[in-house]
Peer 1: 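Sharing a structure here in structure tokens format.
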Amino acid sequence: MPATSGLGASGTAGPVYGRVGLNFSRGVPMKLPGIPAIPASEITPRELFYQRRHFMQLALGGSAALLAGAAVGGEKLASSLSEAYGLTDKLTPLEDVSQYNNFYEFDTSKEGPAKMAGRLKTRPWTVSVEGEVRKPKQFAIEDLLKLAPMQERIYRLRCVEAWSMVIPWLGYPLAELLKQVEPTSDARFVEFVSLHDPEQLPGQRRAVLEWPYREGLRIDEAMHPLALLTFGLYGEVLPNQNGAPIRIVVPWKYGFKSAKSIVKIRLLKQQPMTSWMQAGPSEYGFYANVNPEVDHPRWSQAKERRLGEFLKRPTLPFNGYAEQVAGLYAGMDLTKNF
Amino acid sequence: MLAFLAALLPLALLLTAAWQDNLGANPIEKITHNTGYWTLTFLLISLGVTPLRQLSGASWLVRLRRMLGLFAFFYACLHFLTYLVLDQFFDWSAIAKDILKRPYITVGFAAFVLLIPLAVTSTNAMQRRLGGKNWKRLHRLVYLIAGAGVVHFAWLVKKDLSRPLLFAGILVLLLALRWFYRVKAARLSRSYSAV
């Protein structure tokens with residue numbers, strides 16, 4: 001179990017989920033098979049990387065506090081640090097994580113989503129989980145937030161455009177949700193459908209992609225402990241431009257696999273078609289595992305630019321998570337199943 | 001003089017943004033895109049001079065053409081240097097692979113190389129040395145270069161083609177205007193010779 005103890009200095013900065021504020025105490029490292037526990041001493045001091053967050057809070061906090069009950073970015077989200085998922089990599093500042101986004105539902109530029117994100121209403125919000133399951137159910141976002149203990153996990157994010165970030169996400173394994181609906185033996189794939197509403201998502205007025213945005217995973221990928229159902233980052237509710245109020249994060253795959261602002265999860269017999277596969281079947285495959293050996297047809301995937309760094313660094317197979325996930329693809333030709 | 005300063009404005013804005021640490025999360029990408037954008041823009045503006053002169057009859061415009069073309073070359077140099085130094089940091093093997101394997105880089109690099117002789121022969125002295133006819137023939141390369149520049153842009157975007165298509169549309173319009181005036185001029189001279 002992740003360590004949970006102590007109360008953070010949540011103060012009076014608006015509504016919080018539960019009574020527990022930010023919680024940074026480090027307990028005994030959790031040891032998962034195949035995942036090396038990283039000594040607490042090697043993790044960047046939390047105070048350092050939260051400095052910017054506090055600055056942002058000063059700027060935004062006042063207005064956020066007035067909107068009681070409306071979950072907006074900047075609102076605190078209680079969690080406990082999952083030691084096993086710490087990383088020694090330096091975190092990408094919140095400013096960059098929340099201002100440099102690929103979220104075509106808002107805009108195709110990197111800065112656009114942050115500017116348009118205010119149009120998205122994240123309450124009320126329900127997620128329907130259906131398909132090859134014994135207990136299909138509509139979950140209200142409030143219930144999803146309480147479904148399992150919220151963990152903080154620091155993951156690398158590798159975009160198919162050859163840049164990368166390191167982000168402290170808040171969430172719990174997707175498997176926790178999927179177990180609730182009891183998938184049948186026919187459930188071999190999982191499809192994620194994002195919100196389709198051009199009023200709130202003005203980028204959908206243009207057919208840049210086929211809306212709604214659809215992504216998919218194989219069931220064993222979706223049940224893998226690394227696949228995170230995500231509600232927050234940097235100790236707070238997800239900013240809208242980062243996929244609020246609920247998204248997935250699949251850290252060993254290119255970023256576009258991690259669907260944002262999800263309204264429907266369907267368990268399927270057949271492999272679903274995804275928006276990016278439709279857009280460019282020769283460029284975007286169903287698996288989209290990070291792989292330096294397999295280039296995008298138009299550019300190399302051998303290296304990446306970690307935002308904030310000058311020199312490009314070599315891209316790691318499965319984005320550095322090979323030890324945990326390579327087994328899922330044993331015997332598969334990853335050049336064909338790109 | 002005024003046009004010269006105006007043409008430096010994009011660079012000034014870029015430097016100011018860099019100075020104020022205002023280039024966003026991925027400054028190298030921003031500089032690359034910005035210098036590329038202004039290269040294409042100045043190429044199209046310089047190609048617009050002749051049709052504009054024909055439309056408006058303002059013959060003084062032609063004196064701006066060389067400067068605008070050289071600014072296109074100037075921003076192309078900045079664009080290439082950004083790629084060489086900031087993006088690849090002299091990783092020659094990666095650069096060679098890019099040029100050989102990535103069509104958008106191949107086409108962009110070719111366009112840049114082709115711009116060099118045009119810049120070198122842009123002086124009055126070189127124009128005289130080559131002779132008007134040869135010089136004109138050489139400088140027609142700019143149509144090819146502008147086309148290659150637009151293709152370079154279109155091939156690098158992931159999905160949203162709206163901006164490359166806008167550039168393509170303007171280029172087609174400018175070429176169509178030239179063609180229109182050439183046909184009209186030919187018809188005029190034929191009707192004169194018939195008299």
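Reminder, nothing fancy here: chain letters follow the sequence lines and each chain counts from 1.
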Peer 1: Between B:Leu161 and chain A, which part of the residue has a heavy atom less than 4.5 Å away: side chain, backbone, both or neither?
Peer 2: neither
Peer 1: Measure A:Asn102 against the heavy atoms of chain B and call it side chain, backbone, both or neither at under 4.5 Å.
Peer 2: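 For A:Asn102, the contact with chain B is made by the side chain alone.
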Peer 1: Identify which of A:Ala302, A:Gly308, A:Ser300 forms the greatest number of heavy-atom pairs closer than 4.5 Å to chain B.
Peer 2: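 Highest number of heavy-atom pairs under 4.5 Å: A:Ser300.
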Peer 1: Are more than 12 heavy atoms, taken from residues, nucleotides or ligands other than A:Asp333, located less than 6.0 Å from that residue's CG atom?
Peer 2: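 Enclosed.
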Peer 1: Check the surroundings of atom CZ in B:Arg140: do more than 12 heavy atoms from other residues, nucleotides or ligands lie under 6.0 Å from it?
Peer 2: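 Check passes, neighbour count above 12.
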Peer 1: In this structure, are over 12 heavy atoms from other groups packed under 6.0 Å from B:Tyr143 atom OH?
Peer 2: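 Count over threshold, so yes.
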Peer 1: If you tally heavy-atom pairs under 4.5 Å against chain A, which of B:Asp98, B:Asn26, B:Leu156, B:Ile105 wins?
Peer 2: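 Heavy-atom pairs under 4.5 Å are most numerous for B:Asn26.
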Peer 1: State, with a plain yes or no, whether a side-chain heavy atom of A:Thr108 is found less than 4.5 Å away from one of B:Lys158.
Peer 2: no
Peer 1: Using non-hydrogen atoms and a 4.5 Å limit, figure out which bit of B:Asp91 sits close to chain A: side chain, backbone, both or neither.
Peer 2: side chain
Peer 1: Is it the backbone or the side chain of A:Val97 that comes under 4.5 Å from a heavy atom of chain B, or both, or neither?
Peer 2: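 It is neither, since no heavy atom gets under 4.5 Å.
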Peer 1: Donor-acceptor pair, distance only, cut-off 3.5 Å: does the side chain of A:Arg305 make one with the backbone of B:Glu29?
Peer 2: no
Peer 1: Under the side-chain contact (heavy atoms from CB on, under 4.5 Å) criterion, do B:Arg102 and A:Arg298 qualify, and how do the steps go?
Peer 2: CA-CA 6 Å; B:Arg102 314 282 160 215; A:Arg298 289 183 285 149; over 6 Å; no
Peer 1: Looking at A:Glu161, A:His296, A:Lys303, which makes the most heavy-atom pairs under 4.5 Å with chain B?
Peer 2: A:Glu161
Peer 1: Within a strict 4.5 Å, meaning less than it, do heavy atoms of the B:Lys159 and A:Trp276 side chains meet?
Peer 2: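 Yes - at least one pair of side-chain heavy atoms lies under 4.5 Å apart.
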Peer 1: Kindly indicate, with the supporting measurements, whether the criterion salt bridge (charged side-chain N to carboxylate O under 4.0 Å, His left out) is fulfilled by B:Lys30 and A:Glu111.
Peer 2: CA-CA 11 Å; B:Lys30 173 107 351 140; A:Glu111 298 86 1; 2.7 Å; yes
Peer 1: Does A:Gln278 CD have over 12 foreign heavy atoms under 6.0 Å away?
Peer 2: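 Correct, the count exceeds 12.
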Peer 1: Give a yes or no on whether A:Glu199 atom CD has more than 12 heavy-atom contacts from other residues, nucleotides or ligands under 6.0 Å away.
Peer 2: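 Check fails, neighbour count at 12 or below.
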Peer 1: If you count the non-hydrogen atoms of other residues, nucleotides and ligands that lie under 6.0 Å from CZ in B:Arg63, is the total more than 12?
Peer 2: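 Open.
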Peer 1: Mark yes or no: B:Lys101 above the aromatic ring of A:Trp299, with NZ or CZ under 6.0 Å from the six-membered ring centre and no more than 45 degrees from the axis.
Peer 2: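 No cation-pi geometry.
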Peer 1: Please name the pair of heavy atoms, one in A:Phe310 and one in B:Leu86, separated by the smallest distance, quoted to 0.1 Å.
Peer 2: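 Nearest pair, atom of A:Phe310 first, then B:Leu86: CE1-O, 3.5 Å.
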